[in-house]
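Input: a single structure, listed below in structure tokens.
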There are 4 protein chains.
Amino acid sequence: MSAHRQGPVRSEAARVAVLEATARLFAARGYDHLTMEGIAVEASVSKQTIYRWWPSKGAIVADCLLEGRLLVDSLAPPDNGDVRADLVGWIGEVFGVAERAVGETLLQSVIAAAADNPDVGQRLHDALAVEGSVIDRLQLGIDAGQLAADAPIDELAEALVGALILRALSRKPAEPESARRLVNALLGPTPA
Amino acid sequence: MSAHRQGPVRSEAARVAVLEATARLFAARGYDHLTMEGIAVEASVSKQTIYRWWPSKGAIVADCLLEGRLLVDSLAPPDNGDVRADLVGWIGEVFGVAERAVGETLLQSVIAAAADNPDVGQRLHDALAVEGSVIDRLQLGIDAGQLAADAPIDELAEALVGALILRALSRKPAEPESARRLVNALLGPTPA
Amino acid sequence: MSAHRQGPVRSEAARVAVLEATARLFAARGYDHLTMEGIAVEASVSKQTIYRWWPSKGAIVADCLLEGRLLVDSLAPPDNGDVRADLVGWIGEVFGVAERAVGETLLQSVIAAAADNPDVGQRLHDALAVEGSVIDRLQLGIDAGQLAADAPIDELAEALVGALILRALSRKPAEPESARRLVNALLGPTPA
Amino acid sequence: MSAHRQGPVRSEAARVAVLEATARLFAARGYDHLTMEGIAVEASVSKQTIYRWWPSKGAIVADCLLEGRLLVDSLAPPDNGDVRADLVGWIGEVFGVAERAVGETLLQSVIAAAADNPDVGQRLHDALAVEGSVIDRLQLGIDAGQLAADAPIDELAEALVGALILRALSRKPAEPESARRLVNALLGPTPA
DNA sequence: AAATAAACGAGACGGTACGTCCCGTCTTAGA
DNA sequence: TCTAAGACGGGACGTACCGTCTCGTTTATTT
């Protein structure tokens, strides 16, 4: 007598194969062109196995995001001493990553996934605006005396990332000068 | 002698029927559930007529946006005297509009459309951040002496709208308090 | 060790439903008005299921023919003792069957199908001229001493059926007298 | 004041262009692939002009047939002295013509057209079995004493042409030997 | 060990929508 | 008033995926 179930357990190999296949296809063709059948074939897994563990392609993408398979670490702003300069540089890099993919996908694809699926939205928010990266960098700026001690870093991070997303959506090229203006508008000019 | 082409001219009735049908279905069921066939039926128009003039559903939605059939005027921030209070109220209203639709669609749907289609992205950017509304309201704030004369209103508008989009994507409920914090973070505290 | 493939097996129910629906629609509206979509609906089967197993409507019709779902047995010439009289009667019957359908279809429809699809052509040839019926009846005529022992029954059957087809194509009404002349021309006059 | 109608009369150029285009496309791609739009483009004529004068593609094909634009004169059996040999040779030639086209079309295409359109059927019957050619040749055979004076040439011609059509439909290759057997079966062996 | 049962690959199934082709009718401008 | 050009509503095409459902095989428990 026991609560243990009988039979084989979930295959880790299948789970990983699905996530890897998804990340691969996502990067290559974008969220829209991602299909359950395509993932199944790419992962050499049956559709049933996918549907057994994930309810939708959005859920798989959310898991990929959670495991850091989609947006690479290089998406964390660097720390070279100057908050403003670091953020300006980071913005350029983010767009660079975005444009690496076919067309210009990646960031837009993630946005599409987020618009389609609440989980992805949550994770996107966390990944970009919360879980460290931007907020941490701003905190370091405060510590270094480059920002006011009471700067509302949560809101600033949100606004900064939001502006980035808006630009990605509107396909405005991200010139350094415009990035600089944005950062200055949010953080104020460099103190004397 | 003439460059005029021969034959019947594009049917304005069909054009309008398609845009109206699209706006109707978009509002009712969201961008994802919007289909070319559905539009054709709703508009009592043949699919071929749609494909003759628009390459994709994204393009139709972009035209709707351009003609103001999707985001109603109520999306322009009001002018009751106080920039900050007006913007806070407006944010709530925007999310209210969004949630009016089935599920919680509208804004998210527009974002999905934008992620899917460059034209929609452009128009979204213009409609929300540029063509007046927010920027105009900020300018009025400067005129009223509530904002610094040299406030970078273009960038601030972009950041504000961006933050809104990010929140819509992450499905964070928009409590007034949080809206207030965001506005204060961007515009600075009310001057004495 | 096994060559058995895995997974579900072809649904016999679907196969039969398609053939029955095809036979029904074919008889009712003719080959030209037969459509893949119509068959799918009538058979309550998805189009994909049809295309999975048949490349074209011609192929489905060929299968119907093979299973005797289109040209009923009554198409075999009877044996009432006199070859010539039996064939004359049979010709009238064939045209009668043909005219039962809307317009005057059936035989013409089969011809259209045959012109359209090699398989149908083969089967039509076999069904009418070879696989028994006419040839068998001629053989009985030889056995009964009503035809010369060395009569070239294969060729005669072919010519007889061919003449029928030609008449069907040219929509000449099939009067008994003309049928009699045809039979006499091919089999020679009744021996004394 | 007069009964003459006003305005331009039917354009002979357009009429001929349509028939020529039809014959060209028919020979090149067969009856099934023939389309009204294709004819209009090929003939540099508007669809309306076609529909003004012909009710269907079948009717156009019938007109082509009537003007001898589809089945060339070479389809008349030659006269080299021996009816039987001439007919055997002619059968081979007919199939040769048929197979000249892409796939194997021509004769089959004509049959398809006949099955589709009563007029074409009539004309086909006349062109092949009546209006001379085969019947005339048989008459010459009678005159030459190679056939019985009372041979039922109308019926024999019909049977002969019918057998040809049946073979075309069933895609049986037409070997000379088999053609010879057919001719002998119909005309009887060469008299001593 | 045997029995049991879940997970797996493969893939057939009823559906929905796609984007294209042609139908036959119609509207417009030019000759 | 006939014509070329071509837009229109409609219907069918053949394809791609959806999410569900068998199959037969493989594997891990539990008797």
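In what follows, chains are A, B, ... by sequence order, proteins preceding strands, each numbered from 1. Reckoned from all heavy atoms, side chains included, excluding hydrogens, waters and symmetry mates. No experiment lies behind these values; they were computed from the predicted model shown.
Both A/Q6 and B/V9 lie near DNA chain E, and the one whose nearest nucleotide falls closer to the 5' end is A/Q6.
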Between protein and nucleic acid, restricted to nucleotides 21-25 of chain E and to nitrogen or oxygen atoms under 3.5 Å apart, what atom pairs and distances do you find?
{"unit_1": "E/dC21", "atom_1": "N4", "unit_2": "B/Q48", "atom_2": "OE1", "d": "3.4"}
{"unit_1": "E/dC23", "atom_1": "OP1", "unit_2": "D/M36", "atom_2": "N", "d": "2.9"}
{"unit_1": "E/dC23", "atom_1": "OP2", "unit_2": "D/M36", "atom_2": "N", "d": "3.1"}
{"unit_1": "E/dC23", "atom_1": "OP2", "unit_2": "D/E37", "atom_2": "N", "d": "3.0"}
{"unit_1": "E/dG24", "atom_1": "OP2", "unit_2": "D/Y51", "atom_2": "OH", "d": "2.5"}
{"unit_1": "E/dG24", "atom_1": "O5'", "unit_2": "D/Y51", "atom_2": "OH", "d": "3.4"}
{"unit_1": "E/dG24", "atom_1": "N7", "unit_2": "D/K47", "atom_2": "NZ", "d": "3.1"}
{"unit_1": "E/dG24", "atom_1": "O6", "unit_2": "D/K47", "atom_2": "NZ", "d": "2.7"}

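When atom types are taken as modelled, the side chain of A/K57 and the backbone of A/I39 share no donor-acceptor pair closer than 3.5 angstrom. Checked by atom type and distance alone, the side chain of A/R123 never pairs as donor or acceptor with a backbone atom of A/L65 at under 3.5 Å. Between the side chain of C/T49 and the backbone N or O of C/V45, no donor-acceptor pair lies under 3.5 Å.
Across every non-hydrogen atom of B/A168 and B/I111, the tightest pair is CB-CD1, 4.1 Å. Shown here for A/F26 and A/L34, the closest heavy-atom pair between the two residues is N-CD1, 3.9 Å.
In this entry the distance linking CZ of C/R15 with C1' of E/dC13 reads 16 Å, nearest Å. Here F/dC21 presents its C1' atom at 16 Å from CD1 of A/I50, a figure rounded to the nearest Å. B/E42 places its CD atom 15 Å from the P atom of F/dG9, with the value rounded to the nearest Å. Taking atom CD1 on A/I39 and atom P on F/dA16, their separation rounds to 18 Å, with Å as the unit. Atom CH2 of C/W54 and atom P of E/dA12 are 13 Å apart (whole Å). Taking atom CZ on C/R52 and atom C1' on E/dG11, their separation rounds to 8 Å, with Å as the unit. Atom CZ of A/R10 and atom P of E/dG9 are 12 Å apart (whole Å).
For A/S46, a side-chain nitrogen or oxygen approaches OP1 or OP2 of E/dG9 to under 4.0 Å. Side-chain nitrogen and oxygen atoms of B/W53 include at least one within less than 4.0 Å of the OP1 or OP2 phosphate oxygen of F/dC8. Taking only side-chain nitrogens and oxygens, A/T49 comes nearer than 4.0 Å to OP1 or OP2 of E/dG9.
The structure places CD of A/Q108 at 3.5 Å from CZ of A/R171, a figure rounded to the nearest 0.5 Å.
The pair B/E67-B/R15 meets the salt-bridge criterion, with a side-chain N (NZ, NE, NH1 or NH2) lying under 4.0 Å from an Asp/Glu carboxylate O.
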